[in-house]
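Have a look at the structure below before the remarks.
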2 protein chains.
Amino acid sequence: MSKSERTKQTIVAAALELFREHGYEATTMRMVAKHAGVSVGNAYYYFKSKDVLLQAFYREVHDAEVAAAEPALASAHSFRERLRAVLHSKLEVIEPYHRFSALMFRSAADPKSPLNPFHPDGRDVRRGGEALFARVVDEARPRVARDLAAELPGLLWTYSMSLVLFWIHDDSPERERSRAFVDRTTDLIATAVRVASNPLMRPLRKKALDLVRDLTPN
Amino acid sequence: MSKSERTKQTIVAAALELFREHGYEATTMRMVAKHAGVSVGNAYYYFKSKDVLLQAFYREVHDAEVAAAEPALASAHSFRERLRAVLHSKLEVIEPYHRFSALMFRSAADPKSPLNPFHPDGRDVRRGGEALFARVVDEARPRVARDLAAELPGLLWTYSMSLVLFWIHDDSPERERSRAFVDRTTDLIATAVRVASNPLMRPLRKKALDLVRDLTPN
DNA sequence: ACACCGTTTTGAACACGTTCAATTCCTTCT
DNA sequence: AGAAGGAATTGAACGTGTTCAAAACGGTGT
């Protein structure tokens, strides 16, 4: 590992630690630099902005989400149960950050941020999210109709971003409203998917999928 | 009009003018103060933050949207046409701000901002938006089922915020993708509303509306 | 006229994210 | 070993949103 690589790691590690402890806003670049034992300028040499550091945080959270979803994905077979389980474990993973959420997850829709469903740049961040939902869909039994299965991960990711948006403003005890949101909307979605997967629905399904494809950039 | 009221108006007028010309970010509080002929501190005496001034901008845009929707609402009768017309005129009104949009309309989903569908504080801003859609629904012929008509304005407002989110990232010429978004999704929504308004659908409709009510704060 | 007191106004000061010219470090070539 | 030159590092400086102690203003009672 080269020297510069090590410096970079030190900085990102310092940033993530401070983000976790104090949240995004309360963590200043001066704090990050000091904690990493480098100068402010050096931090900027490796990371163009504070936002870029936040993206590293997202990646970490995403990895934790994938890991947390693993057991559920191994045991749940129906689409409904798989989706439900993945979302509930996502909620558990992000729970510790709820007090900072307003700022740490603002990106769910902030145009400047790569986490946004419509944003062109943040494709990799997005791909990661979609990959998780692809696993939900692809290994579900009974199977989801093939054409639908192709578009579903992207749609589910966008849907999960709405969940985050909902969750951010959820001050109910134990976040029960968010959990209810998951339970009830996954029910709805699963029903819709089941109905749509019926061969008789193929023409209507095709029309809906065309719509989605036309409106999704790339 | 009291002296303080006049100062306040001067400041907000200066801010809006500069926002329109340079966008939100490029307009500094020092510029606003200078343009209004007051000190920076005085601007802060009347407006707790720059964001508060942005809210005044939203109000202005909203008023323009309402005004622009007027003729369409007077002549279109079907729900589908009324909704379509309102959204298209909305797009026209906000078009001049597209180059600043990333920052001026970030609030569409920013948790800190009152424009957010899930935000508790910004109720008045939100009410204004819902009121417009209430007009779309209430005077539509054929009528929308009563129970559905009660929840629809709120849902449509949320939907219009997604439109804004889509529009922000839409770089297609003449914003044609956004206009396609409107045409095709309003079609979908109108069809759904028509189907749902059928008396036979009442039980299912009730279930869906209960879901919405349960998940909407207040 | 004066003193009083709450409201309004000021601009210097603060902390922040970010930039940049200058410096130090390290590698490579002679 | 020494020179050269690119990569890494520094910290002061900039412009920003925001705060605050102090000053100016304006009305009211004496």
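Side-chain atoms are counted along with the backbone in the values below, which use heavy atoms only and exclude waters and symmetry mates. Here is the naming used below: chain letters follow the sequence lines, and residue numbers restart at 1 for every chain.
- Side-chain contact annotation: B:Y159 with B:T185, donor-acceptor N/O pair under 3.5 Å present.
- OP1 and OP2 of C:dT8 both lie 4.0 Å or more from every side-chain N or O belonging to B:T7.
- Distance, A:F19 CZ to C:dG17 C1': 12 Å, rounded to whole Å.
- Two rings, from B:F57 and B:Y24, have their centers 6.0 Å or more apart.
- By the 6.0 Å contact criterion, CD on A:E5 is enclosed, its count of non-hydrogen atoms from other residues, nucleotides or ligands being greater than 12.
- Between the OH atom of A:Y44 and the C1' atom of D:dT9 there is a distance of 16 Å, rounded to whole Å.
- When rounded to the nearest whole Å, the span between OH of A:Y46 and P of C:dG17 equals 21 Å.
- Ranked by how close their nearest DNA chain C nucleotide is to the 5' end, A:G41 and A:T27 are led by A:T27.
- Contacts of A:V38 with the nucleic acid, taken as non-hydrogen atoms under 4.0 Å apart, involve only primed sugar atoms and P, OP1 or OP2.
- Between A:M29 atom CE and C:dT19 atom C1' the separation is 12 Å, expressed in whole Å.
- Positionally, the nearest nucleotide of DNA chain C for A:R30 lies more toward the 5' end than for the other of A:N42 and A:R30.
- Put simply, CG on B:L54 is 14 Å from C1' on D:dG17, counting in whole angstrom units.
- Side-chain atoms of A:D170 and A:S172 form a donor-acceptor pair, as typed in the model, at a separation below 3.5 Å.
- Using a 4.0 Å cut-off, no side-chain N or O of B:S39 falls inside it from OP1 or OP2 of C:dG11.
- Nearest to the side-chain atoms of A:T28 among the listed nucleotides C:dG17, D:dT18, C:dT8 stands C:dG17.
- Between B:K50 and B:K3, the residue anchored nearer the 5' end of DNA chain D, judged by the nucleotide with its closest heavy atom, is B:K50.
- For the OP1/OP2 pair of D:dA8 and a distance below 4.0 Å, the side-chain nitrogens and oxygens of A:S4 include at least one atom meeting the criterion.
- C:dT8 atom C1' lies 14 Å from atom CZ of B:F47, rounded to whole Å.
- For B:Y45, whose side chain is taken as the heavy atoms from C-beta onward, the closest listed nucleotide among D:dT19, C:dT9, C:dG17 is C:dT9.
- Minimum interatomic distance between A:R177 and B:L215 (heavy atoms only, all atoms of both residues): NH2-O, 3.2 Å.
- The nearest whole Å value for the distance from the CD atom in B:E5 to the C1' atom in D:dG26 is 18 Å.
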